[in-house]
Structure formats: C-alpha cells, structure tokens
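Take a look at the structure below.
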Amino acid sequence: MIRWCSKPPNASGARYRAGLEGWLALLPELDAALRTGATVADVGCGRGYPSVLLAGMYPDARITGFDAHEPSIQLARERANAAGLAARVDFALSDAAGYPGTGYDLITFFDAFHDLGDPLGAAIHARDALADGGTLLLIEPYSAGSLAQNLAQNPAAAFGYAASTFLCTPNSLSQPVGLALGAMSGEQTLRGVLAQAGFTAVEKVAETPFNLVLAAQRRPSDQ
Ligand SMILES: C[S@@+](CC[C@H](N)C(=O)[O-])C[C@H]1O[C@@H](n2cnc3c(N)ncnc32)[C@H](O)[C@@H]1O
C-alpha cells in the first residue's frame, strides 16, 4: 500500500468544513439521529480530520475511524486527544472490508472509496454493518463522468486526474482485487458499485466543483 497520508496539513479539510454541515442538513433523518447519539464508522479515516470534525458537530455521536495505515491511525488518535474528543472518537487499524461492529447509523468514506483495492467488498461490508435505515455516505471528488466533459467543464479536473494517476489508482492497484476506480470515476460508476453491493436506495446529496456526495440507505430488503 502506498504511504501518502501521514503528514499534516489536511488539504481536504477546508472542503469538508465548508460542506459537511450543509450536506447533512439535506439528510434530515440522519442529522436527527446524529444529534441524538448515533454510532458512526469513518472508513479510510486517514489522520482523522473528518472523524474529529463530525464529533465536534454532533456532541452525542460516537465515532470510530478505521484505516489500513497505522501511522495515520496514530496521528488520528493524537488529533482526537488534542481536540478533547478521545472519549467519543477512537481509531483502529483495519481494512475497509473487515472492520468490526454492526448496527452503525452512519458509515462514511471521505475521499477514500476510490482509493480502495476492493470498493465493492467495502460497500458489501458496509451494507452488512449498517443498521436498518442506516446511511452509507460517499464523499468523492467531483467528476462529470468522462475525461472530455471534465476537462471542458472543471478547472480542478486536471489536478484530479493527476492525483488519481500518481496516488489513488496505484494505491488501489497495490491491494487485493485492485479495481482502480480512479478519483474521477464519477456518479454513474459509483452508483454501479453501490447497486452491485445491494443498495437499492441511493441519492445524490450534493455536487460542488470539488465534491460529489452520494448517500445510500440500507433497507431491510437489501442483500
Ligand atoms: C485520500 S486518504 C483520505 C483520508 C481521510 N478520509 C480524509 O479525507 O482526510 C485515503 C485513505 O484511505 C486509506 N485506505 C486505502 N486503502 C484502504 C483499505 N483497503 N482499507 C482501509 N483504508 C484504506 C488510506 O490509508 C488513506 O488514509
């Protein structure tokens, strides 16, 4: 696995800070559950920035961040300690398709899903680990779908493809399965993986020049 997420600062942090509150407001049932003490798994949590951000927004939520990169987990713990949130936010070393626990109200992947070798395996694991009615939230780089559309529409796309070529895609290829979605895979590809994992209720929550946010709700009939 490529080691690339171990040093501060967090380049995605400003986007999450600017977007997360608004995105969650568009999911009122989830927002209400978070306000009354939901349990959350933050998968591919890296150095814990989004886990700590969520915990700060929702003082009764309990969050466990999982990542396959041990130095990132250490830094994530230090971040939670420094924020005074270690009682509600903890971190564990785990693959995205193998972390413990069931009955999660929310499972998040912040800029991590496309990095995984086996995003389908991770989505299936998330489906099984969610409570009925629980939500899988994918926060992915924005992509219009095709290379031509992206380069024509979005000045950030060239950076996205460069990062994907040098970081995300090799990372995925270095792992078992190696599906290599790429950072610029886009909504239809992501929806396809979620559908294959058995999610039947998927909605686009938001689209910004930088992020695409998809929510998949686990239904009792999903399998
Ligand atoms: C781009 S970083 C995002 C980190 C964090 N979510 C954030 O937004 O700050 C992608 C993360 O996915 C993790 N990762 C990659 N493959 C993984 C796997 N198979 N299981 C768990 N974590 C994985 C990496 O170690 C890295 O921390």
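Keep in mind that the numbers below use all heavy atoms, side chains included, and drop hydrogens, waters and symmetry copies.
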Note to self: Does any part of the side chain of Trp23, heavy atoms only, come nearer than 4.5 Å to the side chain of Leu137, both counted from C-beta?
What the structure shows: no
Next item on the list: Can you measure from OG1 (Thr102) to NE2 (His125) and round to the nearest 0.5 angstrom?
Entry: 9.5 Å
Note to self: For a quick test of reading the model, state the closest non-hydrogen atom pair linking Pro50 to Cys45 and the distance between them.
What the structure shows: CD-O, 4.3 Å
Note to self: I need the Thr64 OG1 to Tyr99 OH distance, nearest 0.5 Å.
What the structure shows: 11.0 Å
Next item on the list: Kindly check if the number of other-residue, nucleotide or ligand heavy atoms within 6.0 Å of CD (Glu29) is above 12?
Entry: no
Check: Counting heavy atoms not belonging to Glu21, are there more than 12 under 6.0 Å from its CD?
Finding: no
Margin query: Apply side chain to side chain contact (heavy atoms under 4.5 Å, CB included) to residues Val202 and Leu190 and explain how you reach the verdict.
Written below: CA-CA 10 Å; Val202 179; Leu190 295 168; over 6 Å; no
Margin query: Are there over 12 heavy-atom neighbours, none belonging to Arg191, within less than 6.0 Å of that residue's CZ?
Written below: yes
Next item on the list: Might you point out which heavy atoms bring Ala80 and Phe91 nearest each other, and give the distance in Å?
Entry: CB-CE1, 3.8 Å
Check: Should Leu54 and Val213 be regarded as members of a common hydrophobic cluster, given that ILVMFWY residues are connected when their side-chain heavy atoms come within less than 4.5 Å of each other, either directly or indirectly?
Finding: yes
Next item on the list: State, to 0.1 Å, how close Ala112 and Val43 come at their nearest heavy-atom pair, and which atoms those are.
Entry: CB-O, 3.8 Å
Check: Going from CG on Leu30 to CG on Asp105, what distance comes out if it is rounded to the nearest 0.5 angstrom?
Finding: 8.0 Å
Check: Can you say whether the rings of Tyr16 and Tyr49 are parallel (under 30°), tilted (30 to 60°) or perpendicular (over 60°)?
Finding: tilted
Next item on the list: Please examine the side chains of Leu214 and Phe113, heavy atoms only from C-beta on, and report whether any two atoms are closer than 4.5 Å.
Entry: no
Check: If you take all heavy atoms of Ala215 and Val205, which pair is closest and at what distance?
Finding: CB-CG2, 3.6 Å
Margin query: Could you see if Leu116 belongs to whatever hydrophobic cluster contains Phe66? Use Ile, Leu, Val, Met, Phe, Trp, Tyr and a side-chain cutoff under 4.5 Å.
Written below: yes
Checklist line | Hphob cluster co-occupancy, Ile63 + Ile107, side-chain heavy atoms under 4.5 angstrom | finding: no
Notebook entry, point to check: So, Asn154 versus Tyr142: side-chain donor-acceptor pair below 3.5 Å or not?
Noted result: no
Note to self: Could you see if Leu20 belongs to whatever hydrophobic cluster contains Leu136? Use Ile, Leu, Val, Met, Phe, Trp, Tyr and a side-chain cutoff under 4.5 Å.
What the structure shows: no
Checklist line | Gap between atom CD1 of Ile73 and atom CG of Asp90 - 0.5 Å precision | finding: 9.5 Å
Notebook entry, point to check: In the single-linkage hydrophobic clustering (I, L, V, M, F, W, Y; side-chain heavy atoms under 4.5 Å), do Leu53 and Phe109 co-cluster?
Noted result: no
Next item on the list: For residues Asn150 and Ser143, report the shortest heavy-atom separation together with the two atoms involved.
Entry: ND2-OG, 3.0 Å
Item checked: side chain to side chain donor-acceptor pair (under 3.5 Å) partners of Arg35, counting only residues at least two apart -> Asp31
